[in-house]
Amino acid sequence: MCLEVINVNINLTKLITNLTDEIKIDDEVTIDDKLLENTDIKKISKVKVKGNIYPEGNNFSVNLNIKCILTLVCSISLKDVEYNIDINVNEIIGENDDILEENNKIINNSIDLIPIIWQNIILEVPLKVVSPDIEVKNINGDGWRFITDEEVVEKEIDPRLEKLKEFLGE
């Protein structure tokens, strides 16, 4: 027997008392805009969360698939870029486990999945994104210019460095 849940604050009482062997999760979660502060994320779509929670000894195994679309800023043009997130998360949650993070604790037989969802989304945010429609032909600055892979040409090795190669035995 399993229980289906459409809430991110999950009551684990039925798992603890063995009334069910699994809690299924299938929900769309709205992330609070306050969480976006101090991140590179401008906007986040509703987060689709699917998965299950089942007992594993004295702990609980949480298996989730998280899907959403992040709006990030292009590193070159400062345009908005959509970035798809589709990740699988497997976490072990316990009541009295000091190794686990503070957010992953069970309080009053329930657990809030938002911290787990949010920390895994944050881990997927790339350091830089570049808009796919940007043209990089004329990007340059003071003493530098952007070169594409096609423009990279191997230069001849300086003959003075050839002697160094012999010295190092390469």
*Might you point out which heavy atoms bring Ile66 and Ile117 nearest each other, and give the distance in Å?*
CD1-CA, 3.9 Å

*Quick one: does Asp27's side chain have a donor or acceptor within less than 3.5 Å of a partner on Val29's backbone?*
no

*Check the pair Ile122, Thr39 against side chain to side chain contact (heavy atoms under 4.5 Å, CB included), reporting the backbone distance first and the verdict last.*
CA-CA 8 Å; Ile122 286 295; Thr39 69; 3.8 Å; yes

*Under the 3.5 angstrom rule, does the side chain of Ser77 hit a backbone N or O of Cys74 as a donor-acceptor pair?*
no

*asked:* Looking at every heavy atom in both Leu70 and Val125, which two are closest together, and how far apart are they?
replied: CD1-CG2, 3.8 Å

*What distance do Asn63 atom CG and Ile25 atom CD1 have between them, rounded to the nearest 0.5 Å?*
9.0 Å

*asked:* I need the full list of salt bridge (charged side-chain N to carboxylate O under 4.0 Å, His left out) pairs touching residues 46-55, with sequence neighbours left out, sorted by first then second residue.
replied: Asp26-Lys48

*Answer yes or no: is there a side-chain heavy-atom contact under 4.5 Å between Val49 and Glu28?*
no

*Is any side-chain heavy atom of Cys68 less than 4.5 Å from a side-chain heavy atom of Ile121?*
yes

_Closest approach of Trp118 to Ile41 (non-hydrogen atoms, all atoms of both residues)_ = CH2-CD1, 3.9 Å

*Hey, any chance Leu35 and Ile44 share a hydrophobic cluster, counting ILVMFWY side chains that come within less than 4.5 Å of each other, even indirectly?*
yes

For a quick test of your reading: what N or O donor-acceptor pairs under 3.5 Å do the side chains of residues 79-86 make, sequence neighbours left out?
unit_1: Asp80; atom_1: OD1; unit_2: Lys42; atom_2: NZ; d: 2.6
unit_1: Asp80; atom_1: OD2; unit_2: Lys42; atom_2: NZ; d: 3.4
unit_1: Asp86; atom_1: OD1; unit_2: Asn65; atom_2: ND2; d: 3.1

*Closest approach of Asn120 and Glu91, non-hydrogen atoms and distance?*
ND2-OE2, 3.6 Å

*With side chains defined as the heavy atoms from C-beta onward, is the minimum distance between Val89 and Ile116 less than 4.5 Å?*
yes

*asked:* Just verifying a value: how many Å separate Leu64 CG and Leu113 CG, rounded to the nearest 0.5 Å?
replied: 6.0 Å

*Determine, using the 4.5 Å side-chain heavy-atom cutoff (strictly less than), whether Leu72 and Leu36 are members of one ILVMFWY cluster.*
yes

*Is the number of heavy atoms from other residues, nucleotides or ligands under 6.0 Å of Asp133 CG greater than 12?*
yes

*Would Ile31 end up clustered with Ile69 when hydrophobic side chains under 4.5 Å apart are linked, directly or stepwise?*
no

_Are more than 12 heavy atoms, taken from residues, nucleotides or ligands other than Asp40, located less than 6.0 Å from that residue's CG atom?_
no

